[in-house]
Protein chains: 4
Amino acid sequence: MSPKKDLTEERKNQILDAAMKTFTEDGFHKTRMSDIAETSGLSKGSLYWYFDSKDSLIIHLLERIFEPEIKDIQTLLTDPRSIDERLETYVERISEDMVKMLKWMPLFYDFVALAFRQESVKNTISKYYQRHMDILTSLIKQGLDRGELHADSELEAAIAIGSMLEGTVILWFYDPDKIDIKRHVKTNLKLLLQGLKTPLNYQTLDQDN
Amino acid sequence: MSPKKDLTEERKNQILDAAMKTFTEDGFHKTRMSDIAETSGLSKGSLYWYFDSKDSLIIHLLERIFEPEIKDIQTLLTDPRSIDERLETYVERISEDMVKMLKWMPLFYDFVALAFRQESVKNTISKYYQRHMDILTSLIKQGLDRGELHADSELEAAIAIGSMLEGTVILWFYDPDKIDIKRHVKTNLKLLLQGLKTPLNYQTLDQDN
Amino acid sequence: MSPKKDLTEERKNQILDAAMKTFTEDGFHKTRMSDIAETSGLSKGSLYWYFDSKDSLIIHLLERIFEPEIKDIQTLLTDPRSIDERLETYVERISEDMVKMLKWMPLFYDFVALAFRQESVKNTISKYYQRHMDILTSLIKQGLDRGELHADSELEAAIAIGSMLEGTVILWFYDPDKIDIKRHVKTNLKLLLQGLKTPLNYQTLDQDN
Amino acid sequence: MSPKKDLTEERKNQILDAAMKTFTEDGFHKTRMSDIAETSGLSKGSLYWYFDSKDSLIIHLLERIFEPEIKDIQTLLTDPRSIDERLETYVERISEDMVKMLKWMPLFYDFVALAFRQESVKNTISKYYQRHMDILTSLIKQGLDRGELHADSELEAAIAIGSMLEGTVILWFYDPDKIDIKRHVKTNLKLLLQGLKTPLNYQTLDQDN
DNA sequence: CATGAATGAGCCTTCATTCAT
DNA sequence: GATGAATGAAGGCTCATTCAT
């Protein structure tokens with residue numbers, strides 16, 4: 001009677017959930033399609049009904065990982081507060097997302113490793129990176145335009161903050177016990193802002209001494 | 001000492017060279033032991049005479065990758081120059097090493113991905129990271145002790161610089177055309193030093209405004 | 001009679017048309033039921049409503065291939081012309097049919113190959129072969145009875161002509177550019193008739209010389 | 001001590017023997033590589049050490065099937081006997097070979113069916129066909145040149161004999177009980193020779209009547 | 001009647017590792 | 001020490017068939 005509900009999205013999610021879990025636990029290469037089938041509660045054949053191949057799961061998972069991160073952050077561009085307040089909010093939100101995603105790190109690094117040989121993976125990752133950098137760059141440009149920040153270019157400043165964010169996660173990976181991502185990101189930003197709020201000529205003077 | 005020993009070292013190097021090349025080009029998982037055998041000019045059987053397994057090559061390669069990085073840097077600890085000059089030299093040398101190692105990045109990220117699942121790989125990577133952080137931390141401690149730098153702790157400052165270094169490489173990976181590692185590392189350090197040279201109470205005051 | 005029956009026939013034909021096309025183009029083994037479904041414009045489920053299995057399509061297709069060949073030829077048995085005129089007409093018609101069926105050759109040979117393993121396929125093919133040979137044999141028997149032809153038995157002569165017909169198609173398969181089926185069948189028949197019109201004792205005499 | 005005998009040929013033969021047997025019994029498509037492995041007494045991996053793929057076995061088997069056929073027949077070209085004696089010897093030898101190969105017929109027809117989709121299979125079959133036809137054509141040309149035979153062209157006559165040979169095997173396939181290949185080939189040749197020994201103008205005259 | 005999502009047995013091929021020579 | 005033939009477990013993917021709707 002019921003008009004046969006479309007289970008496509010549900011099934012795809014079942015599969016992606018299972019893939020995310022098994023890839024994270026066992027690694028992309030060690031995970032077998034039959035593992036994903038079993039974990040998802042579907043048959044091996046069904047996996048291939050909804051997805052083309054094991055590889056194609058990568059792109060879909062990457063989109064899942066990154067998508068939620070982008071939301072909300074854009075609103076900071078029209079936020080009336082000062083630039084450093086907004087940048088603090090920015091890195092706070094990013095680091096919160098990062099912390100939430102920490103458990104998917106093994107998965108993510110499998111994909112980074114794959115990105116070196118698979119253009120499509122590389123492109124997907126780069127696309128999301130670019131979106132973040134665009135927002136960050138716009139934000140900083142506002143600071144420069146208003147004279148709240150000083151830098152040779154908005155890109156250079158964005159790279160400084162971006163590097164710091166990404167790098168903090170790497171350090172966490174090297175030594176999870178010593179690194180508190182949220183706290184260090186906050187501290188690191190403070191140091192960078194100190195530099196970014198210093199007028200350029202003063203910076204140069206200071207260096208020359 | 002004995003000529004036999006030398007031949008053994010030579011053979012091991014032949015194999016590791018070949019492994020490094022093929023792993024980098026084709027990825028760890030896609031590379032077959034027969035590829036390494038062929039590239040090294042040895043037989044498959046010989047590979048197993050000198051190394052236990054494909055996995056065991058990983059640790060040996062990691063040591064090869066990191067080993068050259070460490071040397072010379074220690075001397076900075078007794079260098080008579082000011083802290084910020086020495087930190088500049090430090091990040092300059094590190095970024096030079098990084099640039100040299102850029103071609104091994106695919107290999108390295110394969111290993112990072114593996115590190116999540118293989119304790120021994122994780123430990124090897126962490127060990128080298130730790131050595132760097134130790135030097136960096138000592139360096140900064142000198143700066144704090146002499147009043148040249150200001151931070152809540154030497155570790156916190158070291159984390160800031162360390163994150164920035166690692167993160168710059170990540171950004172290069174995301175967008176190799178836009179990121180010039182040596183240049184951005186230098187710029188980023190300048191910003192951080194600005195913060196690190198600002199007395200703590202001034203920092204706080206500044207923030208409150 | 002009932003309209004339902006007609007729809008059923010229509011559907012079956014849709015399916016058999018599609019199967020014939022796809023089997024011929026891609027081969028029986030490479031063709032998937034979903035290909036046939038798609039080509040026929042029906043669903044996979046419907047295929048199984050009208051046919052039991054992929055294999056069951058074979059027999060139905062064989063009947064389709066052979067059916068048209070039989071008609072009209074029987075009339076030659078009561079044709080008032082001389083035997084060699086009628087045999088000429090016979091091989092002409094057969095070779096015309098063969099030429100028309102050339103495009104189904106790949107399909108047919110798939111089935112011949114299957115016939116070695118599937119009794120039902122073998123029987124279907126043999127049944128149609130037998131019908132042809134029966135007509136040919138009857139025709140020749142008339143020639144022998146009337147003294148127009150000479151052979152140890154009508155079967156032996158029929159085999160000579162039958163082999164020639166089948167064999168010409170094989171040669172066409174081996175070298176399609178050089179073999180013109182209709183022309184060579186005609187020439188070949190002429191040579192055979194020369195032999196069949198020669199009295200037996202003359203044949204023998206001739207040989208002994 | 002012994003200089004490690006080269007078992008390559010032996011292994012290849014083991015595999016080809018097993019493939020020939022299983023392909024013939026079960027058909028190319030139904031035969032699994034593991035069946036061949038088991039039958040050959042080797043492991044599945046070894047099959048791939050000696051042969052690239054399941055498909056590559058086809059070509060090697062075809063060469064096995066045809067190769068022995070070619071030998072010896074060439075000597076007929078310089079045989080001093082009359083053409084019809086030599087043609088009789090020719091078809092006798094061919095039909096003997098055919099009879100010996102009858103048990104491989106299922107295998108051969110699998111390959112013929114495959115030839116429609118695989119150029120390499122088609123080429124291999126055609127190559128061997130061509131060799132036979134070349135010999136047959138040369139033989140007949142001698143007959144024409146010496147005036148022992150009469151035909152519009154040596155090719156036309158060769159096609160007549162070739163078709164007859166191939167066709168007789170087909171008829172045997174349709175009805176193995178009734179067809180005695182060696183006997184019918186001999187009879188059929190006799191009929192054709194009758195035609196080939198008749199001068200062309202006589203043939204035409206005869207037809208016109 | 002019709003659909004197409006779901007199933008799962010099955011297959012070709014790969015490749016790390018071993019070991020007789 | 002060195003070789004390379006041999007192994008066999010394992011895995012991604014296919015596809016004929018079924019059946020709930």
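Only heavy atoms go into these numbers, but all of them, side chains included; no hydrogens, no water, no symmetry mates.
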(message) If I take atom CZ from residue D:Phe111 and atom CD1 from residue D:Ile65, how far apart are they, to the nearest 0.5 angstrom?
(response) 6.0 Å
Check whether any side-chain nitrogen or oxygen of [X] sits under 4.0 Å from OP1 or OP2 of [N], and answer yes or no.
X       : N      : value
A:Arg32 : F:dG12 : yes
B:Thr8  : F:dG1  : yes
A:Ser46 : E:dT7  : yes

If I take atom [atom1] in residue [X] and atom [atom2] in nucleotide [N], what distance separates them, rounded to the nearest angstrom?
X       : N      : atom1 : atom2 : result
D:Lys12 : F:dA6  : NZ    : C1'   : 16 Å
D:Lys54 : F:dT14 : NZ    : C1'   : 14 Å
C:Leu7  : E:dC1  : CG    : P     : 7 Å
C:Leu47 : E:dT3  : CG    : P     : 10 Å
B:Asp35 : E:dC15 : CG    : P     : 8 Å
B:Phe51 : E:dT17 : CZ    : C1'   : 16 Å
B:Lys30 : E:dA16 : NZ    : C1'   : 17 Å
A:Asp26 : F:dA10 : CG    : P     : 15 Å

With the side chain of [X] defined as its heavy atoms from C-beta on, choose the nearest nucleotide among [options].
X       : options               : value
C:Tyr48 : F:dT3, F:dA16, E:dT3  : F:dA16
A:Ser43 : E:dA6, F:dT7, F:dT3   : E:dA6
B:Trp49 : E:dT3, F:dA6, F:dA2   : F:dA2
D:Lys44 : F:dT17, F:dG4, F:dA10 : F:dA10
C:Met33 : F:dC15, F:dT17, F:dA6 : F:dT17

(request) Would you kindly compare B:Gly41 and A:His29 by the position of their nearest DNA chain F nucleotide and give the one closer to the 5′ end? (result) B:Gly41
(message) Which is more 5' along DNA chain F, the nucleotide nearest C:Asp55 or the one nearest D:Arg11? Just name the residue.
(response) D:Arg11
Got more than 12 heavy atoms from elsewhere within 6.0 Å of [atom1], [X]?
X        : atom1 : value
D:Glu38  : CD    : no
C:Lys30  : NZ    : no
D:Lys103 : NZ    : no

(request) Please determine, for F:dA9, whether a Watson-Crick or G-U wobble partner exists with both distances under 3.5 Å, and give it or none. (result) E:dT14
(request) For F:dC15, give its Watson-Crick or G-U wobble partner with both distances under 3.5 Å, or none. (result) E:dG8
(request) On DNA chain E, check which nucleotide each of C:Leu42 and D:Gly45 is closest to and give me the residue with the more 5' one. (result) C:Leu42
(request) For D:Phe28 and for C:Tyr50, find the nucleotide of DNA chain E with the closest heavy atom, then tell me which residue's nucleotide is more 5'. (result) C:Tyr50
(request) Examine C:Lys122 relative to D:Tyr174 and say whether NZ or CZ is less than 6.0 Å from the centre of the six-membered ring and inside a 45° cone about the ring axis. (result) no
(message) Whether D:Asp35 and D:Arg32 form a salt bridge (side-chain N of Lys/Arg under 4.0 Å from carboxylate O of Asp/Glu) is what I want to check.
(response) no
(request) Report which part of the nucleic acid A:Thr31 touches: base, sugar-phosphate, or nothing (heavy-atom distance under 4.0 Å, all strands). (result) sugar-phosphate
(message) Categorize C:Ser53 for me: base, sugar-phosphate, or nothing, with a 4.0 angstrom heavy-atom threshold over every strand shown.
(response) sugar-phosphate
